[in-house]
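First up is the structure itself, then whatever we jot down about it.
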Amino acid sequence: MKIKLFVLVSFSLALFSCQQPNKTKVNPTVVEKPNVLFIAVDDLNDWIGVLGGHPQVKTPNIDRLAARGVLFSNAHCQSPVCNPSRASLMTSLYPSTSGIYFLNPDLKESPVSSKSKIMPQRFEDEGYKVFGAGKLFHNGGDQNENYVPNYAGRFGGFGPMPKEKISDYPGHPLWDWGVFPERDDQMPDYQIASWAEARLSEKQEQPFWMGVGFYRPHVPQFAPQKWFDMYPIDSLQLPKVISEDLSDISSYGVGLSRVNHVSPTHEWVLENNEWKPLVQSYLACVSFVDAQVGRVLDAFDKGAYGDNTYIVLFSDNGFHLGEKERYAKRSLWEDGARVPLIIVGPNIPAGKVCNKPVQLLDIYPTLLELTNLKADLLHEGHSLVPLLKDVETDWPYMARTSFGPGNYAILSEQYRFIQYNDGSEEFYDHSKDPQEWYNVIDNPVYDEIIQQHRNEIPQERYEILGQGSTGHKAYSASESNAH
């Protein structure tokens with residue numbers, strides 16, 4: 001029997017409870033050729049101040065950015081893993097359309113995606129100076145180098161790495177956590193922020209699209225000591241969970257998020273007393289990367305582009321830290337698929353929160369409309385401009401996340417529906433169960449609402465492209481166990 005524990009109360013509710021009504025008149029002035037500052041944060045879940053995902057997290061810079069524009073509190077990735085999420089965002093195509101479901105293949109190997117104009121290249125074609133650094137596309141292969149004009153480099157990527165692992169976890173070398181290195185300036189994200197500071201101080205002769213891709217808090221969860229000191233382990237709060245959380249989930253659903261994955265199991269974490277160290281490391285990395293975002297924002301504010309630039313900050317997927325008895329991303333639940341999304345810029349009202357279900361693949365069509373460029377009819381996302389004008393406006397769309405063909409989560413403003421390829425299903429009412437502890441798929445009270453969500457499942461699904469990644473293996477194992 002499930003035992004319900006204390007529920008985290010988000011301080012973001014208090015932060016925004018005194019807002020004025022959300023309907024805001026937007027200045028109709030058209031800004032010609034505005035710039036785009038595109039900030040990606042890798043594997044960041046809702047553990048930021050304004051989303052209230054952890055009561056002790058400190059993210060003053062992302063919070064102040066949210067206060068300047070619209071925070072989308074119900075935003076979702078199209079796949080809870082780097083490559084398909086970023087491929088979907090940069091093309092505004094669902095994985096079920098492109099066939100890019102897992103860590104490979106490259107965009108160019110999808111017959112569908114290769115016909116789509118990728119976002120940085122579209123802006124370059126429109127007369128923009130396009131440049132970027134860090135992780136904007138998946139780090140595998142040369143996608144950043146190939147698809148970001150004037151790409152400045154990865155600045156060390158997921159490094160630096162110690163000579164030996166810090167943790168005792170015997171698995172994948174990227175799965176490590178702890179204090180390392182000694183100084184901030186040894187971290188790639190610090191150097192990426194320095195690169196961004198320099199670019200924002202320069203005079204640009206053309207309108208620009210500038211991509212800044214940070215690597216943390218992606219594993220390895222390393223940061224210098226001072227960031228760990230912000231979260232003393234003795235007083236650290238763990239995520240709230242319940243016993244037997246997986247008892248009402250199908251074996252397919254449980255296996256899809258565990259079998260052939262490289263992250264530590266919950267059993268290993270508990271046996272080795274690593275839950276608090278993992279949470280501490282993640283929080284330290286979040287605050288570290290928040291400081292780098294702050295450096296970019298400070299440079300932007302000191303520069304000459306503040307009145308004519310749209311800023312988008314997002315994460316490519318969420319991350320579990322013990323919820324649903326698992327770690328990492330790669331799940332269709334809230335912790336794996338929900339992401340921060342903030343949009344700031346000319347004529348966008350400040351300090352607003354939008355609870356409508358939106359998607360990362362909505363960013364591309366949104367930026368086209370904001371910069372007065374023609375919409376691309378191939379795009380499957382929807383421009384968020386109506387919501388930027390009025391966060392309460394009618395929004396007829398739901399959001400969709402997938403992990404392999406046949407495995408889908410459908411999100412509305414209040415509910416999450418999950419359908420797996422073996423036919424098993426889950427349904428959660430966030431108004432009563434925001435942690436998704438209780439699967440009410442069999443409750444007849446929800447029958448009509450469940451069917452509305454079920455109707456959003458795509459019937460046409462492109463074949464799986466690529467092979468050999470952990471996602472391919474996890475999907476194949478789940479399929480084998482189902483038959």
Side-chain angles (χ1 to χ4, degrees), residues 1-8 10 45-46 53 73-74 76-80 238-259 261 263 265-267 317-339 355 357 398-458 474-475 477-479 481-483:
M1 181 175 181
K2 295 189 172 182
I3 304 171
K4 189 170 183 180
L5 301 182
F6 176 73
V7 179
L8 285 174
S10 168
N45 59 17
D46 66 354
S73 64
N74 194 14
H76 302 269
C77 65
Q78 276 44 80
S79 181
L238 293 172
K240 301 301 179 182
V241 298
I242 58 172
S243 61
E244 301 181 22
D245 193 9
L246 306 178
S247 62
D248 54 6
I249 296 171
S250 70
S251 59
Y252 186 106
V254 172
L256 185 69
S257 62
R258 285 161 175 75
V259 179
H261 286 224
S263 56
T265 65
H266 193 52
E267 293 74 18
N317 45 250
F319 203 84
H320 289 253
L321 284 144
E323 305 92 344
K324 296 291 183 192
E325 300 179 14
R326 65 182 311 278
Y327 299 81
K329 44 208 172 185
R330 300 170 185 252
S331 86
L332 297 176
W333 297 302
E334 183 92 345
D335 296 294
R338 181 167 169 248
V339 296
N355 298 315
M398 296 186 186
R400 184 206 307 169
T401 301
S402 66
F403 189 57
N407 300 315
Y408 298 100
I410 304 297
L411 292 306
S412 59
E413 195 163 355
Q414 184 176 334
Y415 306 102
R416 175 182 296 271
F417 168 74
I418 297 175
Q419 184 181 92
Y420 297 106
N421 202 35
D422 71 337
S424 59
E425 296 177 333
E426 299 168 35
F427 191 74
Y428 302 98
D429 183 345
H430 288 168
S431 69
K432 300 176 181 179
D433 179 23
Q435 287 81 16
E436 299 182 347
W437 287 339
Y438 304 102
N439 177 13
V440 293
I441 190 67
D442 295 324
N443 188 335
V445 171
Y446 296 105
D447 282 353
E448 183 177 348
I449 299 171
I450 289 172
Q451 188 57 48
Q452 292 171 1
H453 288 69
R454 192 181 283 127
N455 291 341
E456 297 293 318
I457 298 291
Y475 181 84
S478 295
E479 291 293 292
N481 292 338
H483 301 291

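Judged by distance alone, with hydrogens and angles left aside, the side-chain atoms of N74 form a donor-acceptor pair with the main-chain N or O of S412 at under 3.5 Å. Between the side chain of N481 and the backbone N or O of A477 there is at least one donor-acceptor pair closer than 3.5 Å. A donor-acceptor pair under 3.5 Å is formed between the side chain of E323 and the backbone N or O of L321. The main-chain N or O of A409 is never found under 3.5 Å from a side-chain atom of T401 such that the two would form a donor-acceptor pair. Proximity of a side-chain donor or acceptor of R416 to a complementary backbone N or O of E436 within less than 3.5 Å is not detected. Looking at Y428, its side chain never comes within 3.5 Å of a backbone N or O of Q435 through a donor-acceptor pair. Using a distance-only test at 3.5 Å, with no hydrogens or angles considered, no donor-acceptor pair links the side chain of S402 to the main chain of S79. Put simply, the side chain of R338 gets close to the backbone of S73: a donor and an acceptor are under 3.5 Å apart. Using modelled atom types, no side-chain atom of D335 and backbone atom of H320 make a donor-acceptor pair closer than 3.5 Å.
Rounding to the nearest 0.5 Å gives a distance of 11.5 Å between OG of S257 and OH of Y252. Distance check, rounded to the nearest 0.5 Å: CG of N355 to CD of Q414 gives 11.5 Å. Residue D245 holds its CG atom at 8.5 Å from OH of Y438, rounded to the nearest 0.5 Å. Taking OG1 of T265 as the start and CD of E325 as the end, the distance is 10.5 Å to the nearest 0.5 Å. Taken to the nearest 0.5 Å, the NZ atom of K324 stands 9.5 Å off from the CH2 atom of W437. Interatomic distance, F403 CZ to L256 CG, rounded to the nearest 0.5 Å: 5.5 Å.
Applying side chain to side chain contact (heavy atoms under 4.5 Å, CB included) to E425 and the options N439, I441, I418 leaves one that passes, I441. Each of L411, N317, V339 was evaluated against H76; a single residue qualifies, L411, per the side chain to side chain contact (heavy atoms under 4.5 Å, CB included) test. Under the side chain to side chain contact (heavy atoms under 4.5 Å, CB included) test applied with Q419, the options I457, N407, L332, I450 reduce to a single match, I457.
Contact between G336 and P80 at its shortest, heavy atoms only, is O-CB, 3.5 Å. Closest heavy-atom contact between D447 and N443: OD1-O, 3.7 Å. Between D422 and S424, the closest heavy-atom pair is OD1-OG, 2.6 Å.
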- Task: Would you sort out whether H266 and V241 count as a side-chain contact (heavy atoms from CB on, under 4.5 Å), showing the intermediate values?
- Result: CA-CA 12 Å; H266 193 52; V241 298; over 6 Å; no
- Take R326 and R258 through the test side-chain contact (heavy atoms from CB on, under 4.5 Å) and record every step on the way to the result. CA-CA 8 Å; R326 65 182 311 278; R258 285 161 175 75; 3.8 Å; yes
- Item | Pair F417-I449, side-chain contact (heavy atoms from CB on, under 4.5 Å): steps then yes or no | CA-CA 10 Å; F417 168 74; I449 299 171; over 6 Å; no
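When ring centroids are compared, F427 and Y415 come within the 6.0 Å threshold.
A donor-acceptor pair shorter than 3.5 Å can be found between the side chains of Y420 and E426. A side-chain donor from one of Q451 and N455 sits under 3.5 Å from a side-chain acceptor of the other.
Annotation for E448: atom CD does not count as buried by contact number, only 12 or fewer foreign heavy atoms lying within 6.0 Å.
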